[in-house]
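Atoms considered below: every heavy atom in the structure, side chains included; atoms not considered: hydrogens, waters and symmetry mates. We count ligands from 1, going down the list as the structure has it; atoms in each ligand are counted the same way. All residue numbers in this chain count up from 1 along the given sequence.
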Amino acid sequence: MWDTEIRTNLDDIRTRVDVAAAASPYGQSVQVLLATKTQPAEKIRVALEHGFTLIGENRVQELVAKFDELADIAHESHLIGPLQKNKVNHTLGRASCIQSIDDPGLAEKIQRRLDVLDSTVEYFVQVNTSREDSKSGVAPEAAAELVRALAPLDRMRLRGLMTIGLPGETPDQIRPSYAALRTLRDQLHADGLLDETSLELSMGMSGDFELAISEGATMVRVGSSVFGARPKPTI
Ligand SMILES: *Cc1c(COP(=O)(O)O)cnc(C)c1O
């Protein structure tokens, strides 16, 4: 049955994450976020009931739809895809954390809206460690300036840095973009731009999360290894 398969996959992921975390030289603990893009609410519900209560959506439209469908079951939702300014209002109040902040203008718009709502949100600064033109995220050398610019936004709480990394074939191709995020985090920390509450590293997907953990990931984002190949988007 498809639901048994999801539970088996989740147990397998949990074991592999624990083994990788125990072997990591950084001694970090690791959260698992389920990347649920294109997955129907009924499948996500199985995972939530199995104790995996952190999910991430890429598109605001899907975030909104599934927020309603899953309103009766406790969970936390992050936005892990790009956010357009005109979708800020739909995102706040649904996503507790936005992992794709790479632009001060966007952040200021979020802060203004949070003022109106008298609310707060968590965020990660997304860094384009693989330097591909197609990827969003701030360039590594521009990250310090961005973090400094966002610091006064008192309704937004920085948790750390996020990257998608290079979709490489071999560990040698993939590892540098994850190592680069850790190095950047350590540099920003040394420069006093990140404090102890802002040192998280969101990196690693189904094909490479163990490698990301070995480079210090504190949150991995897995989708296809839990839910299987993605169906075509329906909304
Ligand atoms: C889809 C997605 C993932 C998970 O990818 P899988 O290979 O399915 O595990 C992680 N992060 C982001 C930003 C994604 O869009």
For the backbone of Ser214 and the side chain of Ser24, can you confirm whether one donor and one acceptor N or O come within less than 3.5 Å of each other?
no
Nearest protein heavy atom with distance in Å, relative to atom 1 (C) of ligand 1:
Lys37 NZ, 1.2 Å
Nearest protein heavy atom to atom 10 (C) of ligand 1, by residue and atom, and its distance?
Met205 SD, 3.3 Å
Check whether any N or O atom of Ile164, backbone or side chain, sits under 3.5 Å from an N or O atom of ligand 1, and answer yes or no.
no
Any idea which atoms of ligand 1 are less than 4.0 Å away from a heavy-atom of Ala35?
2 (C), 3 (C), 4 (C)
Scan side-chain atoms only and decide if Glu5 and Asn9 contain a donor-acceptor pair under the 3.5 Å cut-off.
no
Is it the case that the side chain of Arg182 and the backbone of Glu215 share a donor-acceptor pair, with hydrogens and angles ignored and the cut-off at 3.5 Å?
yes
Distance to 0.1 Å, residue and atom name: give those for the protein heavy atom nearest to atom 9 (O) of ligand 1.
Ser206 OG, 2.5 Å
Which of the atoms of ligand 1 are close to Val222, meaning less than 4.0 Å from one of its heavy atoms?
9 (O)
Is it the case that one hydrophobic cluster holds both Met162 and Leu199, taking links as side-chain heavy atoms less than 4.5 Å apart, direct or via other members?
no
Give the numbers and elements of all ligand 1 atoms closer than 4.0 Å to a heavy atom of Gly223.
4 (C), 6 (P), 8 (O), 9 (O)
Please check if the number of heavy atoms outside Glu145 that lie under 6.0 Å from its CD is greater than 12.
no
Sidechain N-carboxylate O distance under 4.0 Å for Arg16, Glu210:
yes
Sub-3.5 Å donor-acceptor pair from the side chain of Thr129 to the main-chain atoms of Leu181, do we have one?
no
Do Ile13 and Leu54 belong together in a cluster built from hydrophobic side chains that touch within less than 4.5 Å?
no
For Gln99, is the nearest heavy atom under 4.0 Å from an atom of ligand 1?
no
In the protein, which heavy atom is nearest to atom 7 (O) of ligand 1, and how far is it?
Ser224 OG, 3.6 Å
Quick one: nearest non-hydrogen protein atom to atom 11 (N) of ligand 1, plus distance?
Arg221 NE, 2.9 Å
Shortest protein contact, atom 13 (C) of ligand 1 (heavy atom only):
Ile80 O, 3.7 Å
